[in-house]
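In what follows, every chain begins at residue 1, and chains take the letters A, B, ... in the order their sequences are listed.
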2 protein chains.
Amino acid sequence: MNSLKQIDRGALSDALDHSGQRTTPQRETVFSVLLDERDHPTADEVYTRTKSRMPSISMATVYNCLETLVSCGLVKQVNIEREPTRYCPNLAPHAHFHCRDTGRVYDVPVPAGMMKDLAKVLPGEYSADSVELVFRGHLSKGKKQ
Amino acid sequence: MNSLKQIDRGALSDALDHSGQRTTPQRETVFSVLLDERDHPTADEVYTRTKSRMPSISMATVYNCLETLVSCGLVKQVNIEREPTRYCPNLAPHAHFHCRDTGRVYDVPVPAGMMKDLAKVLPGEYSADSVELVFRGHLSKGKKQ
DNA sequence: AATTTGATTTAGAATAATTCTAAACTAGGT
DNA sequence: ACCTAGTTTAGAATTATTCTAAATCAAATT
Ligand SMILES: [Mn+2]
Ligand SMILES: [Mn+2]
Ligand SMILES: [Zn+2]
Ligand SMILES: [Zn+2]
């Protein structure tokens, strides 16, 4: 019993089935780690958190599970500059904000359809299947951390 | 005599002076390589091209020069997924398009003010000093390469 | 002109995130 | 119970980049 809610467990096994991969305790646990704290952890952070729930898991498996979750569409990779890849289970179109002070990455909701509309700046010969919008700057003190 | 136009040579020494760094043949040559072919080369590609104009240059110096040019604001780093960092001397606000087929990266002009306007989606406590917009997809055949 | 000094260049070593390899393990289907 | 393909695992390999320390350079001073 990891902390996956029934609905998330369903989404996980559907997505894995659909892409011909098995549901395993390691994959469930890694997925639950991502859903529990949505702070865009790195593979290393996912490893630490997963290990506390499943001490036998290895770093290689964490990388494998993350790659599996990405490949079946449940998780997105977020790359900011040359930092280690971060992982985001938020499937809604959204932007990211990277705080230069803390290094933290936040989800930024965007109005419905806006991400798609951005692609209108593309000349006709370009056709985009993904749009990535990243802000970098500072959080005014007082808010969050 | 490297292939720097007089106007670019001026911009270079101004920017270097302003940040307390010296104008050197290596820096001039690396800068001219970036200006001559605006295809967002990697450090490795910059090294190859620079070496053909200045055979004695080393990889370490290319990295150093690129870092210098970035630090004085003449060049921007462009990071796409986990690929090697690319370098872009286009100082106008613009977006990038990454072709999944060829791996090439293209500049996409955006309407004046649009990049700034994007920051309006940010909640009040966020203040962005940089906005990055990257499209990924395919170029319709026929166009470019 | 020679000397000093700090910046720059250079080759090669070190680093670190990620991927690869190959062996052990697991589980579903016969 | 056995087969088989998929998964997990430890550790080695990879690779872009950074670091180190010595050599070189050039502006400023003597
Ligand atoms: Mn901040
Ligand atoms: Mn294409
Ligand atoms: Zn996110
Ligand atoms: Zn560009």
Side-chain angles (χ1 to χ4, degrees), chain A residues 2 12-13 15-33 40-51 53-72 74-87 103 105, chain B residues 2 12-13 15-33 40-51 53-72 74-87 103 105:
Chain A
N2 49 42
L12 175 61
S13 43
L16 286 171
D17 274 11
H18 190 269
S19 70
Q21 310 186 82
R22 295 184 186 162
T23 302
T24 67
Q26 287 86 349
R27 287 168 180 172
E28 287 185 344
T29 307
V30 166
F31 190 41
S32 76
V33 160
H40 306 86
T42 63
D44 221 59
E45 289 164 340
V46 172
Y47 175 57
T48 304
R49 295 177 198 178
T50 307
K51 210 161 171 62
R53 302 181 189 188
M54 177 182 268
S56 64
I57 203 169
S58 70
M59 187 76 219
T61 299
V62 168
Y63 270 107
N64 289 343
C65 291
L66 289 169
E67 160 58 25
T68 298
L69 294 172
V70 169
S71 76
C72 74
L74 289 174
V75 168
K76 299 270 179 283
Q77 293 184 314
V78 179
N79 285 290
I80 300 219
E81 315 208 307
R82 294 256 92 209
E83 293 180 6
T85 297
R86 296 161 181 279
Y87 295 86
V105 174
Chain B
N2 51 43
L12 176 61
S13 43
L16 287 171
D17 275 8
H18 191 271
S19 71
Q21 303 182 279
R22 297 184 184 162
T23 302
T24 67
Q26 287 86 350
R27 287 169 181 170
E28 287 185 345
T29 307
V30 166
F31 190 42
S32 77
V33 161
H40 304 88
T42 63
D44 221 58
E45 289 163 341
V46 173
Y47 175 57
T48 303
R49 296 177 197 178
T50 307
K51 209 162 170 62
R53 302 182 190 187
M54 179 182 266
S56 63
I57 202 168
S58 70
M59 187 76 218
T61 299
V62 168
Y63 270 108
N64 288 344
C65 291
L66 289 169
E67 161 58 25
T68 297
L69 294 172
V70 169
S71 77
C72 72
L74 290 174
V75 169
K76 298 270 177 286
Q77 293 183 314
V78 179
N79 286 291
I80 300 219
E81 315 209 307
R82 293 255 93 209
E83 293 181 6
T85 297
R86 296 163 180 279
Y87 295 86
V105 174

Grab the CD-P distance between E28(B) and dC25(D) for me, whole Å please. 17 Å
When you measure from the side chain of R86(B) to the backbone N and O of N79(B), does any donor-acceptor pair fall under 3.5 Å? no
Have E83(A) and T42(A) got a donor and an acceptor in their side chains that come within less than 3.5 Å? no
For the pair made of CG in D17(A) and C1' in dG28(C), what is the distance, rounded to whole Å? 13 Å
Under 3.5 Å side-chain donor-acceptor pair for T61(B) and S58(B): yes
Can you tell me how far apart CZ (R22(A)) and OG1 (T68(A)) are? Round to the nearest 0.5 Å. 12.5 Å
For I57(B), which of V46(B), T50(B), T29(B) qualifies under side chain to side chain contact (heavy atoms under 4.5 Å, CB included)? T50(B)
I need a per-nucleotide contact map over nucleotides 2-20 of chain D, read 5' to 3'. Cutoff is protein heavy atoms under 4.0 Å; write B for the base, S for backbone only, - otherwise. ---BSSBBB-----SBB--
